[in-house]
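Scroll down for the structure; my scribbles are underneath it.
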Number of protein chains: 2
Amino acid sequence: MAKPTQTAVAEEAHAPGTLSLGMLPDLLGFQLRMAQLATFRDFLETFADLGLTPTLFGALVLVEANPGAKQSELARTLGLDRSTMVSIIDRLEREGWVRRRRAATDRRSNAIELTAAGRRILPEFKRRVAEHEARLTAHLGADEQARLRDLLGRIFPDRR
Amino acid sequence: MAKPTQTAVAEEAHAPGTLSLGMLPDLLGFQLRMAQLATFRDFLETFADLGLTPTLFGALVLVEANPGAKQSELARTLGLDRSTMVSIIDRLEREGWVRRRRAATDRRSNAIELTAAGRRILPEFKRRVAEHEARLTAHLGADEQARLRDLLGRIFPDRR
DNA sequence: TATTGTTATACTCTATAACTATA
DNA sequence: TATAGTTATAGAGTATAACAATA
């Protein structure tokens, strides 16, 4: 599996079918982007039959962990606008996994909570996500996975 | 549209303003997504005056490293469809940074290359990207940055 | 005045399918 | 037949601005 290191190419000449990446591999932003793109696509394939996206799954887990949370709280936690959260909750509600309830203390807001169907199906979602994660980390040891999560968590911690 | 039924109910207790993330921090995909989102937004702000995106910058660097490469080669390397690459090259060409040249050997394809203006401005782009990268890695040591890039490169290496 | 949810709208990014010109 | 570039189009995801209800 070991490929010879690519040497500097002369002007105009580059291996057919294989391009040099130039400085890109040295950029954290580039590695982040490519890893995220591959991961996103695998996630979509994992849930192709249900149309579940990483954002929808994240919202479901958040609702489970914070029953009765407001839409705008969920939005802020996921780094989304509250108008974006409307359609996300719409979809989850249309699937019958969550419901909107009028909050008792502040009647402007909706308290979002899982339905019985949502609580029933969430373990299956988590099981599939675990399989997806296993593919993601197939080439990493358990210690490396933990290290990677830790390092990622320290990128722009002030922007979250 | 159909408005959801809303019934008043008592909210369950969770810390005001701060939601629990549940299992999300344990998911590599989630950390990846949040880090990439923050990074993408900082990149856009960095080039707000020029409208340069990570993809456009990546394409420029690729053209620099592989003068005369075909559009479809660039597309494959960046993980994009060749129809998507059309508009990317369109934009770079409209800015005057690259040009399409009829390939001599295969007249179906375009050989993409930097213009003089492109070669002139690329160092400035790289300087700004370096500043962006510095913000990104503000909380990481040099060794940790290298380790992070290495670990990211081992996520789905077979899908790239 | 400020906030919450909502709607209307628009913009970006991306892919699919069909077309053309070559190979 | 197959490939490279292009075009038209559609879908997903997102944000901004304005509005009503409520605080």
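Because the structure is a prediction, the values reported are computed rather than measured. All chains are named by letter (A, B, ...) in the order of the sequence lines, taking the proteins before the strands, and each is independently numbered beginning at 1. Keep in mind that the numbers below use all heavy atoms, side chains included, and drop hydrogens, waters and symmetry copies.
Taking Ile, Leu, Val, Met, Phe, Trp and Tyr as members and joining any whose side-chain heavy atoms lie under 4.5 Å apart, directly or through other members, B/Val86 forms no hydrophobic cluster with any other residue. Hydrophobic cluster membership of A/Phe156, counting Ile, Leu, Val, Met, Phe, Trp and Tyr whose side-chain heavy atoms lie under 4.5 Å apart directly or via other members: A/Leu28, A/Leu32, A/Leu136, A/Leu140, A/Leu148, A/Leu151, A/Leu152, A/Ile155, B/Leu28, B/Leu32, B/Leu136, B/Leu140, B/Leu148, B/Leu151, B/Leu152, B/Ile155, B/Phe156.
The side chain of B/Ser72 approaches D/dA4 more closely than any other nucleotide in the set D/dT6, D/dA4, C/dT6.
Spacing between atom NZ of B/Lys70 and atom P of D/dT6 amounts to 13 Å, rounded to whole angstrom units. At whole-Å resolution of the value, CD in B/Gln71 and C1' in D/dT7 are 13 Å apart. Residue B/Glu73 contributes atom CD, which lies 14 Å from atom P of D/dT3 at whole-angstrom precision.
By the side-chain hydrogen bond (donor to acceptor under 3.5 Å, both in side chains) test, A/Arg149 is found to be paired with no residue, residues two or more places apart in sequence or in another chain being considered. By the side chain to side chain contact (heavy atoms under 4.5 Å, CB included) test, B/Asp106 is found to be paired with B/Arg108, B/Ser109, residues two or more places apart in sequence or in another chain being considered. Partners of B/Arg119 by side-chain hydrogen bond (donor to acceptor under 3.5 Å, both in side chains), not counting sequence neighbours: none found. A/Ala117 is linked by a side chain to side chain contact (heavy atoms under 4.5 Å, CB included) to A/Thr115, A/Arg120, counting only residues two or more places apart in sequence or in another chain. Scanning for side-chain hydrogen bond (donor to acceptor under 3.5 Å, both in side chains) contacts around B/Arg128 gives B/Asp49, B/Glu124, with sequence neighbours left out. Judged as a side chain to side chain contact (heavy atoms under 4.5 Å, CB included), and not counting sequence neighbours, the contacts of A/Met34 are A/Phe30, B/Arg160. With sequence neighbours excluded, the residues that form a side chain to side chain contact (heavy atoms under 4.5 Å, CB included) with B/Thr55 are A/Arg33, B/Thr53, B/Leu80, B/Ile88.
The rotation axes computed at either terminus of the helix from C/dT1-D/dA23 to C/dA23-D/dT1 lie 0° apart, taking five pairs at each end and rounding to 10 degrees.
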*Which letter, B, S or -, goes with each nucleotide of nucleotides 9-20 of chain D from 5' to 3', with contact meaning a protein heavy atom under 4.0 Å?*
----SSBB----
Every protein N/O within reach of nucleotides 21-23 of chain D N/O, cut-off under 3.5 Å:
unit_1, atom_1, unit_2, atom_2, d
D/dA23, OP1, A/Arg107, N, 2.9

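Using a 4.0 Å cut-off between charged side-chain N and carboxylate O, B/Glu131 and B/Arg127 make a salt bridge.
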